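Reminder, nothing fancy here: chain letters follow the sequence lines and each chain counts from 1. Please read these numbers as outputs of a predicted model, since none were measured by experiment.
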Protein chains: 2
Amino acid sequence: MRILIVEDEPKIAQSLATALTAASYSVDTVSDGEEAWFRGDTENFDLVILDLGLPKIDGLSVLKRWRAEGRTMPVLILTARGAWMERVEGIDAGADDYLVKPFQIEELIARVRALIRRSVGQGSALLTAGGLTVDTRQMRVLIEGSPVAVSPLEYRLISYLIHHKGRVVPPTELIEHLYGDDDARDANALEAVVTRLRKKLGQDLIETRRGFGYIVADLPA
Amino acid sequence: MRILIVEDEPKIAQSLATALTAASYSVDTVSDGEEAWFRGDTENFDLVILDLGLPKIDGLSVLKRWRAEGRTMPVLILTARGAWMERVEGIDAGADDYLVKPFQIEELIARVRALIRRSVGQGSALLTAGGLTVDTRQMRVLIEGSPVAVSPLEYRLISYLIHHKGRVVPPTELIEHLYGDDDARDANALEAVVTRLRKKLGQDLIETRRGFGYIVADLPA
DNA sequence: TGGCGTCCGTCAGCATGTTGTCAGCTTTGA
DNA sequence: TCAAAGCTGACAACATGCTGACGGACGCCA
């Protein structure tokens with residue numbers, strides 16, 4: 001799960017990043033609104049933590065723009081002090097939750113977990129393509145209705161692909177999703193995972209488009 | 001990828017053109033709003049870089065007219081100083097991104113890359129001309145509805161041509177698009193690719209305009 | 001603490017696909 | 001008719017992706 005932290009105060013950003021990384025999220029950090037808008041627009045994050053007081057463009061405007069453009073990832077707003085108006089505006093602008101500074105890190109992690117759980121659960125819990133089913137609630141993979149044991153990494157890979165079924169997903173994007181771009185892995189690591197997955201799921205579910213990436217066909221169940 | 005630069009300050013226009021050419025885009029430059037409007041209306045650009053302060057017609061008006069006429073190419077606005085109002089108006093008028101002068105060339109290139117990536121991703125997934133269809137989501141080529149296996153380079157070639165259907169594309173532009181001018185290739189390399197493609201797609205889809213380039217006719221499907 | 005199993009990145013080797021080059025050919029237009 | 005432009009089949013070098021083997025890291029349990 002990738003999280004974007006938008007926070008101009010380096011100390012706060014740093015401590016958030018540390019805590020979330022420890023909670024095994026993959027974290028990117030930006031410090032101004034313009035950059036935030038840009039990154040949120042061009043990359044796929046599973047959650048954004050958004051401070052409102054930012055250089056260049058303020059947080060609320062960034063959020064409004066994302067929503068106007070149809071970006072739907074959950075956004076958790078950080079408001080300074082208990083400024084009630086800000087909270088209301090934030091919710092109006094499309095925020096999913098907010099947290100008042102100063103806050104306990106544990107509290108933040110809990111909210112993050114809840115938001116991600118909610119957004120994952122929001123889409124139907126069952127993703128299917130052909131004979132393959134991914135149950136996102138139980139984190140299980142089924143072939144023709146019977147469960148197949150897959151490792152965590154394998155699960156994240158197949159669930160990402162099936163989430164984007166019918167579209168060729170470039171290896172760079174997969175690597176980014178699986179590992180985050182901090183500790184980049186060799187393309188071969190990905191290939192190895194694909195091989196192991198195919199062995200468990202059947203050869204033809206994940207197709208290779210040589211030179212472009214992988215795709216799970218958008219077949220009716 | 002073709003980029004139109006609209007900038008009345010020759011020095012800036014020049015340095016943009018140089019940098020973008022180096023980044024292997026094919027660049028056209030105009031210096032007033034009237035000319036910009038005309039070119040953007042009659043030719044296919046993959047991106048427009050638009051300065052707001054222009055002779056004859058100002059940038060915002062040009063942009064609004066394009067949008068009113070249904071032109072959808074991404075537009076990156078250059079605003080002088082951090083004039084907030086200009087930014088807001090620009091976004092309202094249909095700009096996709098903006099950059100405040102003075103800026104780093106690297107920053108600009110990054111934005112350009114992201115905008116083009118985004119627009120390729122969202123543009124309608126199916127490009128058609130006659131019996132030919134290019135599915136940009138699945139990265140597949142179909143003839144009369146049935147898939148044809150093409151190599152990555154072949155795919156990029158036909159998808160570029162069909163993207164610019166109805167227009168003669170000079171070989172230099174194709175070579176630039178396929179290879180970037182870092183490692184330039186012989187014109188013959190391109191001819192070889194065209195030959196292989198024609199063998200797979202049918203002889204008459206890609207027409208040669210001797211002395212000028214290649215064209216895919218703009219036929220109804 | 002030590003033994004065991006799982007997970008997963010790395011490596012090397014392999015198969016196959018891809019593509020530039022070359023040489024000779026055909027077409028075109030003046 | 002001639003030269004330039006473009007086409008094409010063959011080929012070899014290269015790139016891409018797949019896979020089995022290996023071993024380090026980690027968690028689990030006694």
Within this structure, what is the [atom1]-to-[atom2] distance between [X] and [N], rounded to whole angstrom?
X: A/Arg209; N: D/dC18; atom1: CZ; atom2: P; result: 13 Å
X: B/Leu190; N: C/dC22; atom1: CG; atom2: C1'; result: 17 Å
X: B/Ile175; N: C/dT19; atom1: CD1; atom2: P; result: 15 Å
X: B/Arg210; N: C/dT27; atom1: CZ; atom2: P; result: 11 Å
X: B/Leu178; N: C/dG20; atom1: CG; atom2: C1'; result: 13 Å
X: B/Asp204; N: D/dC7; atom1: CG; atom2: C1'; result: 16 Å
X: B/Leu197; N: C/dT19; atom1: CG; atom2: C1'; result: 13 Å
X: A/Asn188; N: D/dA15; atom1: CG; atom2: C1'; result: 14 Å

On the nucleotide [N], are OP1 or OP2 found under 4.0 Å from the side-chain N or O atoms that [X] carries?
X: A/Thr208; N: D/dC18; result: yes
X: B/Lys199; N: D/dC7; result: no
X: A/Tyr214; N: D/dG17; result: no

Nearest to the [X] side chain among [options], which nucleotide is it?
X: B/Tyr179; options: C/dG9, C/dT18, C/dG20; value: C/dG20
X: A/Thr195; options: D/dC18, C/dC8, C/dT21; value: D/dC18
X: B/Glu191; options: D/dT19, C/dT19, D/dC7; value: D/dC7
X: B/Arg198; options: D/dC7, C/dG17, D/dT19; value: D/dC7

Looking at D/dG9, does its base get a donor-acceptor pair with the side chain of B/Arg196 below 3.5 Å?
->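 Counting by modelled atom types and ignoring angles, no donor-acceptor contact under 3.5 Å is found here.
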
By nearest nucleotide on DNA chain C, pick out whichever of A/Lys200 and A/Ala189 is the more 5' one.
->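 The residue whose closest nucleotide sits nearer the 5' end is A/Lys200.
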
Check ion pair [X]-[Y] (N to O, under 4.0 angstrom):
X: B/Lys56; Y: B/Glu35; value: no
X: A/Glu34; Y: B/Arg111; value: yes
X: A/Lys165; Y: A/Asp218; value: yes

Measuring from A/Leu16:CG to A/Ile3:CD1, what's the distance to the nearest 0.5 Å?
->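 One gets 9.5 Å once the value is rounded to the nearest 0.5 Å.
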
Does any donor atom in the side chain of B/Glu176 or B/Thr172 lie under 3.5 Å from an acceptor atom in the other side chain?
->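 On atom types as modelled, these side chains do not qualify, holding no pair under 3.5 Å.
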
What is the nucleic acid contact for A/Val193, judged by heavy atoms within less than 4.0 Å: base, sugar-phosphate only, or nothing?
->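 Touches sugar-phosphate only.
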
With heavy atoms under 4.0 Å as the rule, sort B/Ser151 into base, sugar-phosphate or nothing.
->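 It contacts sugar-phosphate atoms only.
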
